[in-house]
Amino acid sequence: MKTIWIAGATGLVGQSLVQRLSTSTAHTVVAFVRKRSALQGPAQVVVDFDHLENADVGSLRPDEAFCALGTTRKVAGSDEAFRRVDLDYVVAFAKRAKAAGAHKFVLISSLGADASSSMLYARTKGEAEEAVRALGFATVVVVRPSVLDGDRKESRPGEAVALAIGRVIAPLMLGPLRKYRPSPVDEVARAAIVALRESEKDGRSFRICEAEELPSLARNYHH
Ligand SMILES: NC(=O)c1ccc[n+]([C@@H]2O[C@H](COP(=O)([O-])OP(=O)(O)OC[C@H]3O[C@@H](n4cnc5c(N)ncnc54)[C@H](OP(=O)(O)O)[C@@H]3O)[C@@H](O)[C@H]2O)c1
């Protein structure tokens, strides 16, 4: 029985990951949450992300971990608060998983992630990718979706406009523009799982999955 830890399990991508990972009886899925939620399937461990080292995980030692944590600058309230979630919490979760025995880590990052970018979002995502990679997991998979297409309850007007336009013009986005097509959340989840399994098979220690690769990766998902 494999144990899989997940952070960000209550989010759009996280819920899809939980749903997909929980279908297998060969997995125990453990969700790290800041408050108990109505999530179906996984065991829930309520943690303080500022002090993950204190998280009581008992015998729930992970084989692998998935991270779909994230917030927005607007919700967080400041650049620092945004970076606390999208960088500090991501790295703290990865460190905690590694210390508890995980060999493999999957990070849901973003299209355009770039540690040298002048843009807060792209830079933070790029820094998180680099920091996770440096932790020495046997396998790290980074997934970089485009704007997420899913049933979001929270109002995010900018994202909603980008998504509405993206849905309409997606068929026209060809060649180098293909990566800007919206990424359906379940496609992101399936692609992440497939990319990890493929990397294990190929013995690849690091893989970045760009947005345009996600549809074909997801098609290879068989649970
Ligand atoms: N939105 C897009 O179009 C887009 C595009 C490309 C990449 N991405 C990236 O993809 C990843 C997944 O995105 P998503 O839209 O699925 O995320 P989401 O729906 O916004 O969910 C975010 C998750 O992070 C948790 N979280 C947020 N703030 C937290 C905090 N202060 N402390 C602890 N946990 C916190 C949330 O927990 P609670 O339920 O407790 O709030 C939730 O589980 C993120 O890294 C995001 O940046 C997003």
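Here the CD1-CG distance, from I193 to N220, works out to 13.0 Å after rounding to the nearest 0.5 Å. Atoms CD and OG, from E210 and S109 in turn, are 9.0 Å apart once rounded to the nearest 0.5 Å. Note that the CG atom of L214 and the CZ atom of R178 stand 12.5 Å from one another [nearest 0.5 Å]. Between atom CD of residue E130 and atom NZ of residue K125 there is a gap of 14.0 Å, rounded to the nearest 0.5 Å. A distance of 5.0 Å separates CG in L217 from SG in C209, rounded to the nearest 0.5 Å. Separating the CD1 atom in I208 from the CD atom in E213 is a distance of 9.5 Å, to the nearest 0.5 Å.
The side-chain heavy atoms of H103 and E64, taken from C-beta on, include no pair separated by under 4.5 Å. Residues R144 and V142 are in side-chain contact: their nearest non-hydrogen atoms beyond the backbone lie under 4.5 Å apart. Counting heavy atoms from C-beta on, the side chains of K179 and S146 never come closer than 4.5 Å. Counting heavy atoms from C-beta on, the side chains of V132 and V90 come closer than 4.5 Å. Between I165 and V168, every side-chain heavy-atom pair lies at or beyond the 4.5 Å cut-off. A 4.5 Å side-chain heavy-atom check between Y121 and R73 finds every atom pair outside the cut-off. Contact of the T10 side chain with the L39 side chain is registered, since non-hydrogen atoms from C-beta on lie closer than 4.5 Å. Side-chain atoms of S205 and T139, non-hydrogen and from C-beta on, never get closer than 4.5 Å to each other.
A side-chain donor-acceptor contact under 3.5 Å links Q44 to the backbone of S37. Judged by distance alone, with hydrogens and angles left aside, the side-chain atoms of R181 form a donor-acceptor pair with the main-chain N or O of A170 at under 3.5 Å. A donor-acceptor pair under 3.5 Å links the side-chain atoms of R123 to the main chain of S118, judged by distance alone. In this structure, the side chain of T23 engages the main chain of R20 through a donor-acceptor pair within 3.5 Å. The main-chain N or O of A55 is found under 3.5 Å from a side-chain atom of R96 such that the two form a donor-acceptor pair. Between the side chain of S183 and the backbone N or O of P145, no donor-acceptor pair lies under 3.5 Å. Panel note: side chain D202, backbone R204; no donor-acceptor pair is recorded below 3.5 Å. Between the side chain of T28 and the backbone N or O of T3 there is no donor-acceptor pair closer than 3.5 Å. D86 places a side-chain N or O within donor-acceptor distance of the main-chain N or O of T71, the cut-off being under 3.5 Å. Between the side chain of S110 and the main chain of A113, no donor-acceptor pair closer than 3.5 Å is present.
Here the rule is side-chain contact (heavy atoms from CB on, under 4.5 Å) with V13, and of V188, D186, V143 only V188 fits it. Each of L107, L196, I108 was evaluated against F66; a single residue qualifies, L196, per the side-chain contact (heavy atoms from CB on, under 4.5 Å) test.
Minimum interatomic distance between C67 and F93 (heavy atoms only, all atoms of both residues): CB-CD2, 4.0 Å. Contact record, P62 with A97: CG-O, 3.7 Å, taken as the closest heavy-atom pair. Nearest heavy-atom pair across A131 and V91 is CB-CG2, 3.6 Å. Residues K153 and D151 share a closest heavy-atom pair of NZ-OD2, 2.9 Å.
Follow the hydrophobic side-chain contacts under 4.5 Å out from V161 and you reach L111 in the same cluster. Taken together through direct or relayed side-chain contacts under 4.5 Å among Ile, Leu, Val, Met, Phe, Trp and Tyr, V45 and L17 form parts of separate hydrophobic clusters. A chain of hydrophobic side-chain contacts below 4.5 Å, direct or via other Ile, Leu, Val, Met, Phe, Trp or Tyr residues, connects L12 to V106. Residues L69 and V47 are members of one and the same hydrophobic cluster, defined by side-chain heavy-atom contacts under 4.5 angstrom among Ile, Leu, Val, Met, Phe, Trp and Tyr. Follow the hydrophobic side-chain contacts under 4.5 Å out from F105 and you reach F206 in the same cluster.
Salt bridge absent: K104 and D63 never bring a charged side-chain N and a carboxylate O closer than 4.0 Å.
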Exercise for review: Evaluate the side chain to side chain contact (heavy atoms under 4.5 Å, CB included) criterion for residues F82 and L120: first the C-alpha distance (whole Å), next the side-chain angles of each, then the deciding distance (0.1 Å), finally the verdict.
Suggested key: CA-CA 9 Å; F82 167 74; L120 172 74; 3.7 Å; yes

Practice item. Test side chain to side chain contact (heavy atoms under 4.5 Å, CB included) on V57 and V30 and set out the steps. Key: CA-CA 9 Å; V57 295; V30 182; over 6 Å; no

Check your understanding: Is there a salt bridge (Lys or Arg N to Asp or Glu O under 4.0 Å) between E53 and K95 once you walk through the steps?
Key -> CA-CA 9 Å; E53 67 283 1; K95 280 186 178 160; over 6 Å; no

Practice item. Decide salt bridge (Lys or Arg N to Asp or Glu O under 4.0 Å) for R156 and E154; before the verdict, give the C-alpha distance in whole Å, the side-chain angles of both, and the deciding distance to 0.1 Å. Key: CA-CA 6 Å; R156 292 188 188 173; E154 174 197 339; 3.0 Å; yes

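Using cut-offs of 30° and 60° on the angle between ring planes, the pair W5 and F32 is tilted.
More than 12 heavy atoms of other residues, nucleotides or ligands shown are found within 6.0 angstrom of NE2 on H27.
Between the side chains of T124 and R83, at least one donor-acceptor pair of N or O atoms lies under 3.5 Å. Y89 and D50 share a donor-acceptor pair across their side chains, judged by distance under 3.5 Å alone.
Remark: R34 is not positioned above the aromatic ring of F49, lacking an NZ or CZ atom under 6.0 angstrom from the ring centre and at most 45 degrees off the axis.
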